[in-house]
Enquirer: 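Next up is a structure, given as structure tokens.
Side chains are part of it too, since the values below use all heavy atoms of this structure and drop only hydrogens, waters and symmetry mates. The first residue in the sequence is number 1, and the count goes up from there.
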Amino acid sequence: MENRFFNRELSWIEFNNRVLNQALRKDLPLIERLQFLAIVSSNFDEFFQVRVAAAKRTLFKNPNELDASGLTPEILLTSISARAHQIMRTQHDCLMNDIIPLLAEKGMVYVTPQNYSRNQRQYVLDLFKNDISPLLTPLRTDTEVFPHITNLNTYAAFLLKPIAGIKTVSEALKGSDDLPRIAFVQIPSGIQNIYWLPTDDNSKPFTLLEDMITEFGTNLFPGFSVEETMLFKVARDADFAVDETSGSNFIHAMEDVLLARKSSFIVQMTCNNTSEKILKFLMEKLDLKEEDVYKLDGILNPNSLLDLRDADETGKMSFEKWENFYPHDLPQDEPLWDSLKLHDKILHVPYESYDPVVKLLTDAADDPAVLGIKMTLYRAGRDSPIISALEKAAQNGKQVVVLVELKARFDEERNIAWASILENAGATVIYGLVNLKVHAKIMMITRKEDNSIRRYVHLATGNYNVKTAKLYSDLSLFTANNEIANDATQFFNLVTGYSCLQNMKFLAMAPVSLKDKLLNMIQREIDKSTPEQPGLIIAKMNSLTHEEMIDALYKASQAGVKVLLNVRGICMLVPGVKGLSENIKVVSIVDRYLEHSRIFYFHNANAPELYCSSADWMSRNLDRRVELMFPILDKDAFAEVKFILDSYFKDNTNAMELTSSGSWIPVEKDKKAENYQTQFELYKFYKKLDDAKPKHKENQFEVRRK
């Protein structure tokens with residue numbers, strides 16, 4: 001074969017195509033299909049801002065540079081554009097020719113301006129004049145400085161023509177003979193997108209904010225008629241890194257990055273293809289090539305339709321609601337301390353509720369025996385009870401130390417705000433490490449018990465974020481294991497102060513020891529593997545791009561080790577190649593929850609070891625970030641995590657398998673096998689545990705009889 005690695009960016013695009021495949025499935029509920037279409041758009045927005053922007057920068061600086069897959073920047077960008085255009089066309093065809101007609105069958109009828117009835121037109125016009133027009137600011141384009149177009153906001157552009165015989169008060173939009181009179185208006189983002197229209201039947205007709213503005217935008221330009229309109233949105237370069245060596249105030253440097261992101265170069269434009277004159281004008285002004293422009297006919301952004309979920313009164317157009325069960329082996333009405341002293345506890349969200357994590361922190365904030373709390377924060381989310389608990393703990397005199405990673409892309413501004421709140425409450429806030437992003441998820445609570453000190457540690461694969469814990473599949477470990485607590489203490493000393501690198505007994509930390517430990521365990525499988533008892537590696541992660549790790553897996557395959565990989569997103573490893581990777585199988589699952597947990601199993605000649613981690617097998621995680629990998633030592637916890645890991649390789653409903661050509665195909669299903677959908681089976685597993693819990697009998701009274 002020509003190359004040992006798939007291209008990273010093209011592999012990511014195929015992940016987004018797997019998300020799109022969920023939207024194309026007619027067996028899924030209608031609103032959920034719409035949700036998957038919206039995720040495709042959101043994913044592409046970030047991809048263009050970060051990955052495509054970086055590729056364009058490489059093209060400018062090093063046009064002849066070859067990546068690991070052997071592609072130059074120019075060939076890569078051409079390939080990205082071709083595949084992304086193809087996926088977006090399929091996505092848009094699904095939206096306009098499948099989802100919209102099916103919504104109409106359910107009574108939710110999308111009405112375009114040309115189909116407004118007389119009553120609807122008057123209704124929309126009144127809404128526009130009274131509620132929408134005051135929020136709009138028309139921008140002329142014939143000024144010396146071209147108006148700034150903000151990142152990822154939708155605009156309506158208007159091609160104008162003076163009305164004969166009317167003398168305008170201002171010559172602002174006059175233009176010249178060879179310059180079209182074009183103005184545009186930003187679609188407000190702070191108001192609703194969907195407007196329900198009056199009707200004489202039982203249907204629920206609706207129109208969109210962008211339709212109302214393009215239809216009645218002529219009211220914004222007295223003395224001019226509107227000849228053509230076009231909706232468009234741009235994605236700007238967001239691949240900025242803060243200068244951590246300048247010696248300036250770090251928060252100010254981060255704020256400079258946020259400002260630069262708003263005015264960076266434009267990477268991509270999406271538009272509805274209604275005006276070639278406006279399109280040509282914008283391409284010239286914004287310095288865009290044909291491959292940078294994505295033309296769609298109809299609704300520009302599926303996200304604008306997501307509020308339709310609230311109008312589904314039956315709930316039949318959405319997934320059946322799955323409960324988040326409170327863990328069967330943790331108390332709800334008393335602190336967790338005594339329970340955690342008895343055994344380690346695995347928490348598997350969103351099947352299980354995230355409440356125990358919040359409870360542990362809120363109990364610690366009020367408990368007079370708790371002396372201190374230390375933790376890392378990467379993406380805490382909005383209105384976070386985690387932040388509130390830490391704030392309260394600091395106010396109650398606990399020693400609260402929080403490492404807030406300000407370099408969490410697109411969450412920088414929010415993290416700066418959280419850091420300020422915690423500092424004002426009296427907490428000690430550490431703003432990450434120079435040139436390293438702290439991505440580890442760890443919390444340690446120190447408590448005085450019986451004239452001694454006991455530490456409780458929480459380690460996780462996902463962020464301390466209550467909202468994403470209802471949407472992302474993640475694992476975490478609660479433990480009072482003293483040796484893990486010793487490692488946790490070393491970790492915090494290292495990242496908050498000055499400390500020499502010491503060997504931890506159980507925790508492995510990137511970029512210090514995590515990669516080497518993984519490589520050593522892969523080599524151990526090779527060394528212990530025999531034809532009679534071949535080695536076995538099973539790993540689940542979000543992305544696999546680290547070339548050294550991939551080469552180690554190739555070596556293991558060549559030694560007869562069986563390698564099973566579940567990779568949600570990017571996979572640069574090429575499986576199934578004779579003499580290289582014939583013993584490696586790669587599958588991926590996209591379902592109602594975002595797969596986010598990282599689990600690594602090594603058979604070790606029948607003395608198996610099992611780990612969870614915050615780190616994917618990527619260069620950024622293993623070489624340039626602070627990450628943690630933690631072992632599952634408790635027997636019951638081990639059995640639960642191994643059951644979870646194994647289930648990802650049983651799926652024959654949603655799972656896709658990666659071929660040596662780079663295509664993803666449905667996992668081959670045994671004709672005699674029953675359907676196995678991993679996420680549904682996991683839900684049933686935790687429901688069964690919940691059903692087996694003793695139920696409290698409330699408000700039941702014994703009646704005394706004669």
Side-chain angles (χ1 to χ4, degrees), residues 5-29 31-48 50-52 69 79-95 98-99 302-303 319 471-473 539-545 564-576 584-598 616-618 647-669 675-680 682:
F5 304 104
F6 291 129
N7 177 266
R8 169 184 169 145
E9 321 313 342
L10 298 179
S11 177
W12 180 93
I13 290 179
E14 294 311 314
F15 157 65
N16 213 25
N17 189 56
R18 296 198 295 281
V19 177
L20 175 60
N21 286 337
Q22 293 297 99
L24 299 177
R25 287 179 52 176
K26 295 184 182 295
D27 60 314
L28 295 186
I31 297 296
E32 303 302 340
R33 295 178 63 194
L34 179 60
Q35 178 78 57
F36 281 115
L37 289 179
I39 293 171
V40 170
S41 293
S42 298
N43 284 348
F44 266 134
D45 283 344
E46 183 168 343
F47 176 71
F48 278 99
V50 180
R51 302 307 308 177
V52 177
S69 67
S79 302
I80 287 173
S81 177
R83 188 65 174 123
H85 272 92
Q86 186 180 43
I87 290 173
M88 286 189 192
R89 282 194 296 269
T90 303
Q91 174 201 24
H92 198 69
D93 180 67
C94 175
L95 175 64
D98 189 2
I99 301 295
N303 288 281
F319 285 133
L471 303 171
Y472 295 5
S473 173
K540 178 183 182 296
M541 65 196 76
N542 299 330
S543 294
L544 173 57
T545 66
L564 299 176
L565 302 174
N566 181 284
V567 184
R568 185 196 78 204
I570 307 166
C571 181
M572 288 175 56
L573 178 146
V574 182
I584 302 177
K585 179 178 181 178
V586 182
V587 297
S588 179
I589 293 174
V590 178
D591 205 338
R592 70 157 68 187
Y593 296 140
L594 179 77
E595 290 298 339
H596 196 251
S597 56
R598 293 92 165 180
D616 290 310
W617 292 3
M618 305 178 74
S647 71
Y648 284 96
F649 298 90
K650 296 178 182 178
D651 194 299
N652 57 20
T653 304
N654 279 26
M656 304 285 281
E657 183 173 355
L658 179 61
T659 68
S660 59
S661 68
S663 61
W664 290 85
I665 60 174
V667 166
E668 187 175 350
K669 181 180 177 182
N675 287 346
Y676 191 99
Q677 182 182 349
T678 296
Q679 291 193 1
F680 182 53
L682 289 172

Enquirer: Apply side chain to side chain donor-acceptor pair (under 3.5 Å) to the pair Ser543 and Thr545, showing each step before the final yes or no.
Expert: CA-CA 6 Å; Ser543 294; Thr545 66; over 6 Å; no

Enquirer: Where do Asp651 and Val667 come nearest, in terms of heavy atoms and distance?
Expert: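 Nearest pair, atom of Asp651 first, then Val667: O-CG1, 4.0 Å.
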
Enquirer: Could you report the tightest heavy-atom contact between Ser11 and Gly569, atom names first, then the distance?
Expert: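 That would be OG-O, 4.2 Å.
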
Enquirer: List in chain and number order the residues that pass side-chain contact (heavy atoms from CB on, under 4.5 Å) with Val19, two or more places apart in sequence or in another chain; answer none if no residue qualifies.
Expert: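 Scan of Val19 (side-chain contact (heavy atoms from CB on, under 4.5 Å), adjacent residues dropped) gives Phe15, Asn16, Phe36, Ile39, Val40, Asn43, Val590.
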
Enquirer: For Ile87 and Phe44, run side-chain contact (heavy atoms from CB on, under 4.5 Å): C-alpha distance rounded to whole Å, both residues' side-chain angles, the deciding distance at 0.1 Å, then the answer.
Expert: CA-CA 10 Å; Ile87 290 173; Phe44 266 134; 3.8 Å; yes

Enquirer: Between Val52 and Ile80, is there a side-chain heavy-atom distance shorter than 4.5 Å?
Expert: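 Yes. Closest side-chain heavy atoms under 4.5 Å.
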
Enquirer: If every non-hydrogen atom of Cys94 is compared with every non-hydrogen atom of Ala23, which pair is closest and at what distance?
Expert: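 Closest approach of Cys94 to Ala23, heavy atoms only: SG-O, 3.8 Å.
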
Enquirer: Kindly give the heavy-atom pair with the smallest separation between Phe6 and Leu658, and that separation in Å.
Expert: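 Scanning both residues completely, I find the closest heavy atoms to be CE1-CD2, 3.8 Å.
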
Enquirer: Roughly how far apart are Ile99 CD1 and His92 NE2, rounded to 0.5 Å?
Expert: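 These two atoms lie 12.5 Å from each other.
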
Enquirer: Working to the nearest 0.5 angstrom, can you tell me the gap between Leu20 CG and Leu24 CG?
Expert: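 Going from CG on Leu20 over to CG on Leu24, the span is 4.5 Å.
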
Enquirer: For the CG atom of Asp591 and the OG1 atom of Thr678, what is their distance to the nearest 0.5 Å?
Expert: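 Asp591 CG to Thr678 OG1: 8.0 Å, rounded to 0.5 Å.
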
Enquirer: Just jot down the ring pair (Phe, Tyr, Trp, His ring centres under 6.0 Å) partners of Tyr676, sequence neighbours excluded, or say none.
Expert: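 By the ring pair (Phe, Tyr, Trp, His ring centres under 6.0 Å) rule, Tyr676 matches no residue at all.
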
Enquirer: Using 0.5 Å steps for rounding, measure from the CD atom of Gln22 to the CG atom of Asn17.
Expert: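 The CG atom of Asn17 is 11.0 Å from CD of Gln22, to the nearest 0.5 Å.
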
Enquirer: Assess the side chains of Arg592 and Asn654: does a donor N or O sit below 3.5 Å from an acceptor N or O?
Expert: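 On atom types as modelled, these side chains do not qualify, holding no pair under 3.5 Å.
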
Enquirer: Can you see which heavy atom on Val567 is nearest to which on Trp664, and at what distance?
Expert: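 Shortest heavy-atom contact: O-CH2, 4.3 Å.
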
Enquirer: From Phe319 CZ over to Phe680 CZ, what is the distance, rounded to the nearest 0.5 angstrom?
Expert: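 The distance works out to 12.0 Å.
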
Enquirer: Between Gln91 and Leu37 (side chain of the first, backbone of the second, donor and acceptor by atom type, cut-off under 3.5 Å), is there such a pair?
Expert: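 Checking the backbone N and O of Leu37 against the side chain of Gln91, a donor-acceptor pair under 3.5 Å is found.
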
Enquirer: Would you please say whether a donor-acceptor pair under 3.5 Å links the side chains of Gln679 and Ser473?
Expert: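 There is no such pair between these side chains.
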
Enquirer: So, do His596 and Asn542 sit near enough that their side-chain heavy atoms are less than 4.5 Å apart?
Expert: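 Yes, close enough: below the 4.5 Å cut-off.
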
Enquirer: Check whether Trp12 forms a cation-pi arrangement with Arg51 (NZ or CZ under 6.0 Å from the six-membered ring centre, at most 45° off the ring normal).
Expert: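 Geometry flag: not set, cation outside 6.0 Å or 45°.
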
Enquirer: What residues form a salt bridge (Lys or Arg N to Asp or Glu O under 4.0 Å) with Arg568, not counting sequence neighbours?
Expert: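 With sequence neighbours excluded, Arg568 shows a salt bridge (Lys or Arg N to Asp or Glu O under 4.0 Å) to no residue whatsoever.
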
Enquirer: Considering only heavy atoms from C-beta outward, does the side chain of Cys571 approach that of Leu573 to under 4.5 Å?
Expert: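 They are in contact (side-chain heavy atoms under 4.5 Å apart), so the answer is yes.
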
Enquirer: Apply side chain to side chain donor-acceptor pair (under 3.5 Å) to Arg83 and list each qualifying residue two or more places apart in sequence or on a separate chain.
Expert: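 Listed in chain order: Glu14, Gln86.
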
Enquirer: The criterion is side chain to side chain donor-acceptor pair (under 3.5 Å); which residues satisfy it with Asn303, sequence neighbours excluded?
Expert: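 Asn303 satisfies side chain to side chain donor-acceptor pair (under 3.5 Å) with Asn301 once adjacent residues are dropped.
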
Enquirer: Considering non-hydrogen atoms only, spot the tightest contact between Arg33 and Leu28 and give its length.
Expert: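 Closest approach of Arg33 to Leu28, heavy atoms only: CD-O, 3.5 Å.
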
Enquirer: Let me confirm one number: the CG-CD1 distance from Leu565 to Ile584, rounded to the nearest 0.5 Å.
Expert: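 CD1 of Ile584 is found 6.5 Å from CG of Leu565.
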
Enquirer: Quick one, Pro575 and Lys585 - any side-chain contact, counting heavy atoms below 4.5 Å?
Expert: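 No, side chains not in contact.
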
Enquirer: Have Tyr472 and Glu595 got a donor and an acceptor in their side chains that come within less than 3.5 Å?
Expert: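 Side-chain D/A pair, Tyr472 to Glu595: absent.
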
Enquirer: Given the rule in the side-chain contact (heavy atoms from CB on, under 4.5 Å) test, do Ser588 and Asn566 qualify, once you have shown the distances and angles that lead to the verdict?
Expert: CA-CA 5 Å; Ser588 179; Asn566 181 284; 5.8 Å; no

Enquirer: Evaluate the side-chain proximity of Met618 to Leu544: yes if any heavy-atom separation is below 4.5 Å, no if none is.
Expert: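 Not in contact.
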
Enquirer: Can you sort out the partners of Asn7 under side-chain contact (heavy atoms from CB on, under 4.5 Å), two or more places apart, ordered by chain and number?
Expert: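 Residues passing side-chain contact (heavy atoms from CB on, under 4.5 Å) with Asn7: Glu9, Leu10, Asp67, Ser69, Leu71, Leu76.
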
Enquirer: Is a donor from one side chain sitting under 3.5 angstrom from an acceptor on the other, for Ser597 and Lys540?
Expert: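 The criterion, which ignores hydrogens and geometry beyond distance, is satisfied for Lys540 and Ser597.
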
Enquirer: Could you tell me whether a side-chain N or O of His85 sits under 3.5 Å from a main-chain N or O of Ser81, the two making a donor and an acceptor?
Expert: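 Yes: the side chain of His85 pairs with the backbone of Ser81.
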
Enquirer: Determine whether Ile665 and Met656 make a side-chain contact, defined as any pair of heavy atoms from C-beta on separated by less than 4.5 Å.
Expert: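 No - every pair of side-chain heavy atoms lies 4.5 Å or more apart.
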
